[in-house]
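Counting starts at 1 for both ligands and their atoms, in listed order. Note that these values count all heavy atoms, side chains included, but never hydrogens, waters or copies made by symmetry.
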Amino acid sequence: MPVALVTGGSRGIGAAIAAALAADGYDVAVGYRGGADAAAGVVAAIEATGRRGVALAADVAVEDEAAGLVSATEDALGPIDALVLNAGITRDGLFMRMSSEDWQSVIDTNLTGAFYVTRAALRGMLKRRGGSIVAVSSVVGLTGNPGQANYAAAKAGLIGMVKSLAREAGGRGVRVNAVAPGYIATDMTADLPDTTRDQILGATPLGRLGTPEDVAGVVSFLCSDAAGFITGSVISIDGGLAT
Ligand code: NAD
């Protein structure tokens with residue numbers, strides 16, 4: 001059976017991606033940092049579909065833990081066919097008041113963490129001459145957003161990483177893409193003030209927030225053979241917000 005690793009798979013968008021990949025026939029490793037119960041719930045749902053699942057705690061911002069997450073996935077389930085770089089955090093604040101710590105922690109988790117996990121998984125994919133990597137970027141990485149310079153820089157950085165790696169790894173059959181979700185209803189966006197939420201809805205042609213399943217469907221497609229000629233792409237899933 002094909003094997004997938006989803007970082008930040010314990011809740012929100014990552015949990016929906018893990019469920020979608022299990023429905024596609026993958027055995028799925030669910031990486032997470034906090035919330036072991038939630039991760040166990042995602043694994044139980046994967047196992048209910050007849051696929052294998054494993055929950056693996058690791059902080060992707062710590063190099064050894066990120067590498068350990070990849071080797072633990074391979075030990076538990078086998079070589080990784082699909083890698084989804086979804087773990088992410090926000091530490092919002094206006095630029096002039098942003099602490100160095102808030103800048104660094106977002107870059108460390110959202111960008112450097114993705115680099116660590118990808119580098120650890122890539123060797124096997126290159127050797128086996130196949131694999132699909134999908135990074136969960138953001139509309140904010142394309143447009144910027146006041147109060148999110150750290151997050152936008154990390155998400156834009158992911159796009160640069162994906163496009164460069166797509167060029168390096170394409171000759172070995174490894175595809176590397178990104179998705180750029182708009183505002184998706186998850187814990188991450190639960191605390192948006194009503195005025196911000198109304199502004200976002202007003203600027204979104206489809207007039208609603210996205211769901212984790214809206215994102216999961218596109219990630220599932222990018223991991224599939226139907227996307228066999230797609231690499232280095234960034235697919236917006238934002239209801240038209242950035243158009
Ligand atoms: P969430 O906060 O619900 O889930 C984040 C996940 O990342 C959790 O599983 C958490 O355990 C994990 N995580 C956080 N820091 C980690 C670390 N250091 N090491 C390992 N795992 C870590 O968020 P979400 O809304 O589901 O977002 C998932 C991804 O989608 C993030 O990368 C986020 O930036 C991106 N995104 C979200 C939205 C949105 O509107 N919700 C929009 C665009 C992009």
Which segment of T109 sits under 4.0 Å of ligand 1 when only heavy atoms are counted:
side chain

Subset of ligand 1 atoms that lie under 4.0 Å from at least one heavy atom of D59:
17 (C), 18 (N), 19 (N)

Distance-only, no hydrogens or angles: does the S132 side chain make a donor-acceptor pair with backbone N or O of L222 under 3.5 Å?
yes

Who gets closest to atom 44 (C) of ligand 1 by heavy atom: A18, G88, S137, S10?
S137

Determine whether any heavy atom of A180 lies closer than 4.0 Å to an atom of ligand 1.
no

Give the numbers and elements of all ligand 1 atoms closer than 4.0 Å to a heavy atom of Y183.
40 (O)

Does even one non-hydrogen atom of A58 get within less than 4.0 Å of ligand 1?
yes

So is E65 close enough to ligand 1, meaning a heavy atom under 4.0 angstrom away?
no

R175/D225 ion pair, N-O < 4.0 Å
no

I'd like to know whether ligand 1 has G210 as a neighbour, heavy-atom separation below 4.0 Å.
no

Taking side chain as C-beta onward, heavy atoms only, is T118 less than 4.5 Å from I133?
yes

I need the contact type for I184 against ligand 1. Using non-hydrogen atoms and a strict under-4.0 Å cut-off, is it side chain, backbone, both or neither?
both

Can you name the atoms of ligand 1, numbered from 1 with element, that are less than 4.0 Å from a heavy atom of M188?
23 (O), 25 (O), 33 (C), 34 (O), 37 (C)

Heavy-atom pairs closer than 4.0 Å: do any link ligand 1 to the side chain of T189, the backbone, both, or neither?
side chain

